[in-house]
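Structure, as structure tokens:
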Amino acid sequence: MERGEQGLLKTEPVAEEGEDAVAMLSAPENLSEEEQDELRRELAKVEEEIQTLSQVLAAKEKHLAEIKRKLGISSLQELKQNIAKGWQDVTATSAYKKTSETLSQAGQKASAAFSSVGSVITKKLEDVKNSPTFKSFEEKVENLKSKVGGAKPAGGDFGEVLNSTANATSAEANEPPPAQTEAMP
């Protein structure tokens, strides 16, 4: 049987030791044996260069660690420096500056709003204190005070009136009961 007459069975070259099987499967079939040999030599050379570079990198990293140890640079200090540098980079961005300005303006507006709310509440309390209902209530409390307190002068502020009324009421509650005039047998 000749090569073309094999039918369904097709033989493919088997990857030799050191060859990449995936590269062999995906290699175009039109490469000559000389071109394949050249590519294999180049592959071996590149792999050797990669290994050499990996060894050089490992040696450089070891040397770097030794220098840091001698300088007393710990990984914690390095992390702090990286964070500080990162924060500095973030604060230098235009997005951060715009956000910072927006938040500053929002804070100023909120402060002004709280201030105006406080003044509105103060005004409302003054309005309540000056209202006829409150005045009438205050007069009734003063009348009660004069009846309970006796000779104390009328007037004073609302807080004093309430305190004196409360003191008068508690004093009456704490008085001992009147002594009986009759003797007990």
Side-chain angles (χ1 to χ4, degrees), residues 1-131 133-134 157-160 162-163 166:
M1 260 205 242
E2 288 185 22
R3 194 164 175 97
E5 296 177 357
Q6 289 180 338
L8 295 176
L9 295 175
K10 182 178 179 185
T11 59
E12 294 187 18
V14 178
E16 294 181 17
E17 186 176 315
E19 286 185 334
D20 189 0
V22 175
M24 189 69 169
L25 291 175
S26 63
E29 295 180 18
N30 59 355
L31 288 178
S32 69
E33 191 67 34
E34 290 175 9
E35 290 172 330
Q36 288 180 3
D37 288 341
E38 180 64 30
L39 287 175
R40 286 186 196 112
R41 283 191 295 274
E42 188 176 343
L43 177 65
K45 182 180 175 184
V46 170
E47 286 176 342
E48 184 180 323
E49 288 174 354
I50 289 173
Q51 185 177 8
T52 303
L53 289 172
S54 294
Q55 291 170 349
V56 169
L57 179 61
K60 293 283 185 183
E61 287 176 341
K62 185 178 178 182
H63 184 64
L64 175 70
E66 183 66 24
I67 291 172
K68 284 182 179 180
R69 186 189 62 77
K70 286 179 181 178
L71 289 174
I73 299 173
S74 68
S75 42
L76 180 59
Q77 289 171 329
E78 202 170 334
L79 179 64
K80 286 180 183 178
Q81 289 173 352
N82 289 343
I83 290 173
K85 172 118 176 59
W87 180 249
Q88 184 180 12
D89 292 346
V90 166
T91 56
T93 63
S94 62
Y96 175 83
K97 289 177 183 177
K98 287 179 183 177
T99 303
S100 177
E101 290 172 7
T102 302
L103 290 175
S104 175
Q105 291 172 358
Q108 291 171 355
K109 288 179 181 178
S111 177
F114 288 138
S115 176
S116 65
V117 166
S119 63
V120 167
I121 290 173
T122 303
K123 176 146 177 40
K124 289 294 181 185
L125 287 175
E126 288 176 3
D127 291 347
V128 166
K129 188 175 179 182
N130 293 331
S131 72
T133 306
F134 187 81
D157 69 0
F158 183 68
E160 291 175 357
L162 286 178
N163 285 337

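- One distance of note links NZ of Lys109 with OG of Ser104; it measures 11.0 Å at 0.5 Å rounding.
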Item to check | Derivation and outcome, side chain to side chain contact (heavy atoms under 4.5 Å, CB included), residues Leu43 and Leu39 | outcome: CA-CA 6 Å; Leu43 177 65; Leu39 287 175; over 6 Å; no

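- With sequence neighbours left out, Glu38 forms a side-chain hydrogen bond (donor to acceptor under 3.5 Å, both in side chains) with Arg41.
- For residues 50-71, every residue pair satisfying the side-chain hydrogen bond (donor to acceptor under 3.5 Å, both in side chains) rule, not counting sequence neighbours, is listed here: Glu66-Arg69, Lys68-Glu78.
- Scanning for side chain to side chain contact (heavy atoms under 4.5 Å, CB included) contacts around Thr91 gives Trp87, Tyr96, with sequence neighbours left out.
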Item to check | From CA spacing to verdict: side chain to side chain contact (heavy atoms under 4.5 Å, CB included), Val46, Ile50 | outcome: CA-CA 6 Å; Val46 170; Ile50 289 173; 4.0 Å; yes

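- In this structure, Leu71 CG and Ile67 CD1 are separated by 7.5 Å, a value rounded to the nearest 0.5 Å.
- Scored by the salt bridge (charged side-chain N to carboxylate O under 4.0 Å, His left out) test, Glu35 finds no partners at all (sequence neighbours excluded).
- Under a 3.5 Å cut-off, the side chain of Thr122 and the backbone N or O of Gly118 do form a donor-acceptor pair.
- Rounding to the nearest 0.5 Å places CD1 of Ile121 at 11.0 Å from NZ of Lys124.
- Gln77 contributes a side-chain N or O that, together with a main-chain N or O of Ser74, makes up a donor-acceptor pair within less than 3.5 Å.
- Every residue two or more places apart in sequence or in another chain was checked for a salt bridge (charged side-chain N to carboxylate O under 4.0 Å, His left out) with Lys45, and none qualifies.
- Enclosure of atom CD in Glu49 by more than 12 non-hydrogen atoms of other residues, nucleotides or ligands within 6.0 angstrom is indicated.
- For Asn82, there are no side-chain hydrogen bond (donor to acceptor under 3.5 Å, both in side chains) partners at least two apart in sequence or on another chain.
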Checklist entry - For Gln36 and Ser32, what are the C-alpha separation, side-chain angles and deciding distance, and is it a side chain to side chain contact (heavy atoms under 4.5 Å, CB included)? => result CA-CA 6 Å; Gln36 288 180 3; Ser32 69; over 6 Å; no

